[in-house]
> 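Sharing a structure below in structure tokens format, with a few things to ask.
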Amino acid sequence: MSHELPKTYDPGAIEERWAEYWVKEKLFSVKTPAQNTQQRVFTLLLPPPNVTGRLHMGHMLNQTEMDIIIRWHRMRGDLTLWVPGTDHAGIATQMMVERQLANEGTSRQQLGREAFVKRVWEWREHYGGAILAQMKRLGASVDWDREYFTMDENLSRAVTEVFVRLHEQGLIYRGKYIVNWCPRCMTAISDLEVVHEDYSGKMYQIRYPVWGEPGQFITIATTRPETMLGDTAVAVNPKDERYVRLHGKKLMLPLLEREIPIIADDFADPEFGSGAVKVTPAHDPNDFQAGLRHNLPQINVMDEQARINENGGPYAGLDRYEARERILHDLEQRGLLVGINDHTYAIGKCDRCKTIVEPRLSTQWFVKIKPLADHAIEAVEKGEIVFTPANYAKTYFEWMRNIYDWCISRQLWWGHRIPAWHCVACHEIIVARTTPGKCKCGGTKLEQDPDVLDTWFSSGLLPFTVFGWPEKTRDLEVFYPTSLLITGFDILFFWVARMIMLGCHFMADHPQGSVPFNEVYIHALVRDAERQKMSKTKGNVIDPIEVTEKYGTDAVRFTLASMASPGTDVAFNEARTDGYRAFANKIWNAARFMFMYRDRIAGAKLTDGASEAQLNRLENRWIYSRFHRVTGEVNDSLRSYRFDEAANTVYKFFWGEFCDWYLEIIKPTLSGNEAEAREGLTLLGDIFEGALRLLAPFMPFITEEIWHAMYVDQAPQKSIALARYPELEERRLNDRAEEDMALLQDLIVNVRNLRAEMKVGPRTKTPVRVHASAQVQGLISENRGMIERLASMEGIEFVPQSLANAPGARSTPNFEVALVYERKVDTAAEKERLTKELTKLEAHLASAQKQLGNQHFLSKAPAPVVDGLKKQAAETQVLIEKGRQALASLG
RNA sequence: GGGCGGUUAGCUCAGCCGGUUAGAGCGCCUGCCUUACAAGCAGGAGGUCCACAGUUCGAGUCUGUGACCGCCCA
């Protein structure tokens with residue numbers, strides 16, 4: 001087996017190969033476990049992307065976080081299941097296919113319902129689920145054998161079952177209410193699917209003549225004058241003295257010249273406008289309520305495309321905005337339009353197509369939500385579900401406590417058809433699991449309700465339906481509740497809240513608890529580098545596949561992980577990705593370094609495990625200690641979903657300690673005595689292999705490639721993803737080694753620093769003088785070779801006298817060091833540097849002394865803080881003295 | 001109108017339970033193609049932690065007020 005790695009890291013050359021391998025080998029497939037399985041279980045459900053969707057950065061962030069957590073759990077030995085799937089996405093998909101039909105010069109109406117639905121299925125066969133293919137390429141370690149689609153037969157059956165049961169329990173009802181109506185999609189939509197926007201429009205003042213009292217008017221104000229065609233009253237506040245004399249009288253509705261009553265109702269605000277308000281029960285939710293209170297007729301004046309219908313008299317057939325113009329014109333002619341002023345108000349738009357929503361009276365199906373919400377609130381209050389970041393629980397409560405019934409019917413053709421049948425004879429409605437044969441009245445002509453269900457109705461059931469509910473399956477027993485949900489805050493209400501409500505309701509008797517997941521991790525939005533929301537119209541959308549091709553999947557994943565700190569949005573910055581590609585390249589070259597020595601040293605092996613004998617060397621004790629400390633930190637960070645911390649910790653360790661220091665230190669060992677070189681290389685292999693496992697959840701591709709290459713014959717597992725994740729081993733921690741190493745690094749950096757300042761050429765080796773305690777001298781002597789090489793120097797002379805005022809010297813609390821070099825120090829520059837440093841030190845000492853002089857501090861602050869400050873003050877004092885001497889000696 | 005979040009280096013962001021001299025990446029400056037890596041190495045500059053007031057022995061961190069930016073809900 002050849003271990004030649006190309007000189008430059010080329011992600012394109014390795015990633016596709018491993019991505020295919022993982023899928024082909026079914027490495028992440030999980031079979032239904034046997035009855036007696038004791039393994040800890042970790043389950044995650046992929047928030048199903050729309051079947052119409054293309055992968056965007058938000059998905060990639062979401063999936064990266066999930067994959068890191070999943071790979072981490074799997075490597076920790078859990079039975080780890082990640083279930084993928086897609087959502088049929090009612091409106092979105094229907095729109096997509098309708099657009100296609102329009103291009104072909106036809107329409108769904110011309111096709112008819114059955115043919116249209118068939119057409120959508122065909123569309124799905126050809127184009128659906130592109131996103132899952134992209135996920136495969138990105139290496140998401142999901143169980144592809146369990147892939148679902150929300151319209152699958154079994155899932156659809158479960159949807160019917162849920163609908164019927166809720167109906168039986170009185171939690172689903174049908175009725176005529178004001179709903180948000182999208183005139184373009186020609187369907188009702190839920191409150192959540194309406195986005196509110198400020199709109200600079202006009203407010204119109206219109207006079208309504210008092211019936212039978214010529215010359216008397218009430219003036220009302222409205223932003224939607226066209227709805228006056230449906231007015232069935234005008235309301236005034238009962239306490240409003242201006243109108244007391246008109247109570248019980250009637251008005252003439254202008255244009256249609258209909259008689260409408262004046263009603264007294266608190267909802268008319270005396271402070272607003274004239275204090276009188278028109279009441280249109282069929283086209284405004286507040287008016288609808290008022291209409292019910294006063295028994296007013298409801299006159300619907302618009303059809304499903306928001307054109308004025310036959311109730312609009314002469315305006316019938318006009319679009320709502322044409323009608324507005326005509327009505328204003330006619331009112332003006334009659335002298336009834338008495339004012340127009342600018343007015344900014346909120347309008348609702350359809351989330352999907354941005355058409356202005358029309359509140360409209362129509363018959364729909366609703367879920368009575370309060371009983372469901374109560375349990376869902378309780379589950380979070382009791383801590384059965386924990387939110388991270390915690391403040392999202394507050395947002396959740398806020399919404400759940402002010403929740404309205406959920407309109408679940410949609411006037412679409414693509415989706416789960418409502419399992420209700422209407423008897424043509426007696427209009428009875430029969431809700432049933434299967435098509436009923438006949439009605440109670442004996443009628444056999446039954447027509448299924450034409451509506452389909454809100455897409456979120458079915459996705460809200462997924463945590464249990466993907467495991468076979470309503471059957472009592474073994475999967476359900478083992479995998480429900482899922483362990484964690486990772487998702488964006490944008491679907492907190494759409495999806496997360498609904499899953500909790502439906503899970504708590506339908507899984508109430510589940511032995512492991514009814515909640516659909518025990519934890520929810522909410523991540524932020526991915527924005528562009530300028531913090532702008534990515535959008536097609538702005539043209540600032542970063543295509544994850546494109547950046548992936550440019551920098552490699554591992555680099556993009558690492559970027560997202562390292563920027564995913566909770567609470568703030570991710571401003572995706574390609575410069576960062578470029579930096580992490582460099583990191584991947586660093587890992588790559590460190591591996592090449594290791595393989596180079598394996599080829600060079602006779603009989604060398606990388607995977608024999610570490611030799612304890614090697615631990616007599618400081619650098620080895622140090623790197624083991626560091627590795628285990630870092631391992632502990634990474635595990636802690638992942639436990640609390642601090643992907644950013646985990647990524648940064650592992651990055652700093654690998655690059656800043658392992659590569660920059662350790663590899664440099666061991667070079668002579670590796671090219672020296674053969675036996676020692678062999679041992680040294682084995683130890684290097686041990687550390688490297690551990691580091692690869694530590695990195696694997698973040699960068700699965702490059703670690704997989706190098707890991708396999710480390711084994712001469714065959715790796716112990718089919719994938720590094722199946723190896724064990726590193727765990728902190730206390731016995732490897734070595735404070736002493738870390739302190740000693742820190743001191744030596746400090747010495748080396750100081751010498752490098754002096755060399756740079758005195759402009760010593762890189763090839764010139766300089767001797768140094770060191771003044772230090774006997775103990776420190778011992779440490780330096782033992783590691784003389786390392787120090788000389790890394791600091792490009794030759795010869796260390798220990799001197800008894802202080803070097804503080806020697807030219808070109810550096811002082812630290814542990815040692816003083818000076819270069820022996822004939823070139824003169826740049827006196828002016830050195831003076832400046834010393835002065836600056838002294839100022840800093842003095843300020844610091846002053847503040848330390850002030851605190852130490854404070855009795856309250858001494859008595860109240862914890863001992864380690866006081867001792868630390870004392871030690872530090874003493875050291876600072878010494879450094880100041882040395883600095884002053886040095887400054888004085890410069891003249 | 002109600003609620004939530006943010007403001008730290010030129011840029012993008014960390015900074016955990018208040019505790020020693022506030023960190024990283026990118027960018028910038030200086031010197032190096034040192035046989036793993038120039039996508040690199042070594043060294044360096046760069047901060048009134050938005051403002052004010054308070055709590056505290058001690059505040060980037062906690063509290064209040066204000067300014068600015070953003071988000072969600074109505």
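Here is the naming used below: chain letters follow the sequence lines, and residue numbers restart at 1 for every chain.
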> What does A/R755 touch in the nucleic acid at a heavy-atom separation under 4.0 angstrom: a base, only the sugar-phosphate, or nothing?
nothing
> Tell me, for nucleotides 42-49 of chain B in 5' to 3' order, what letter each nucleotide earns: B for a base near a protein heavy atom under 4.0 Å, S for only sugar-phosphate near one, - for neither?
SSSSS---
> Could you check whether the side chain of A/E398 and the base of B/A74 have a donor-acceptor pair of N or O atoms closer than 3.5 Å, going by distance alone?
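Donor-acceptor pair under 3.5 Å: no.
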> Of A/K667 and A/F494, whose nearest nucleotide on RNA chain B comes first from the 5' end?
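By nearest-heavy-atom nucleotide position, the 5'-most residue is A/K667.
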> With a 4.0 Å limit, can you tell me whether A/K586 has a side-chain N or O closer than that to the phosphate oxygens OP1/OP2 of B/C41?
yes
> Starting at OG1 of A/T487, measure out to CD1 of A/I522 and round the result to the nearest 0.5 Å.
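With rounding to 0.5 Å, OG1 (A/T487) is 6.5 Å from CD1 (A/I522).
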> Tell me which of A/E645 and A/L858 sits closer to the 5' end of RNA chain B, going by the nucleotide each one is nearest to.
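Nearest-nucleotide comparison on RNA chain B picks A/E645.
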> Hey, is NZ on A/K765 packed in by over 12 heavy atoms from elsewhere, all under 6.0 Å?
yes
> Go through B/C72, B/A74, B/A36 for me and flag the one nearest to the A/F493 side chain.
B/C72
> Indicate, with a heavy-atom threshold strictly under 4.0 Å, whether A/M594 touches base, sugar-phosphate, or nothing.
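Touches nothing.
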> Have a look at A/Q855 and say if it touches a base, only the backbone sugar-phosphate, or nothing, with a 4.0 Å heavy-atom cut-off.
nothing
> Can you tell me, in whole Å, how much space there is between the C1' of B/U7 and that of B/U48?
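Result for the C1' pair: 15 Å, nearest Å.
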> Does A/R810 come within less than 4.0 Å of A/E757, counting only side-chain N to carboxylate O?
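The answer is yes: the pair qualifies as a salt bridge.
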> So A/E619 and A/R626, salt bridge (Lys or Arg N to Asp or Glu O under 4.0 Å) or not? Walk me through it.
CA-CA 10 Å; A/E619 66 267 23; A/R626 290 302 306 146; over 6 Å; no
> Starting from Watson-Crick (N1-N3 plus N6-O4 or O6-N4) and G-U wobble pairs under 3.5 Å, report the runs of at least three that RNA chain B belongs to.
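Stems found: B:1-7 with B:67-73, B:10-13 with B:23-26, B:28-32 with B:40-44, B:50-54 with B:62-66.
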> Scan nucleotides 18-27 of chain B nucleotide by nucleotide, 5' to 3', and note B when protein non-hydrogen atoms come under 4.0 Å of the base, S if they reach only the sugar-phosphate, - if neither.
-BBB---SS-
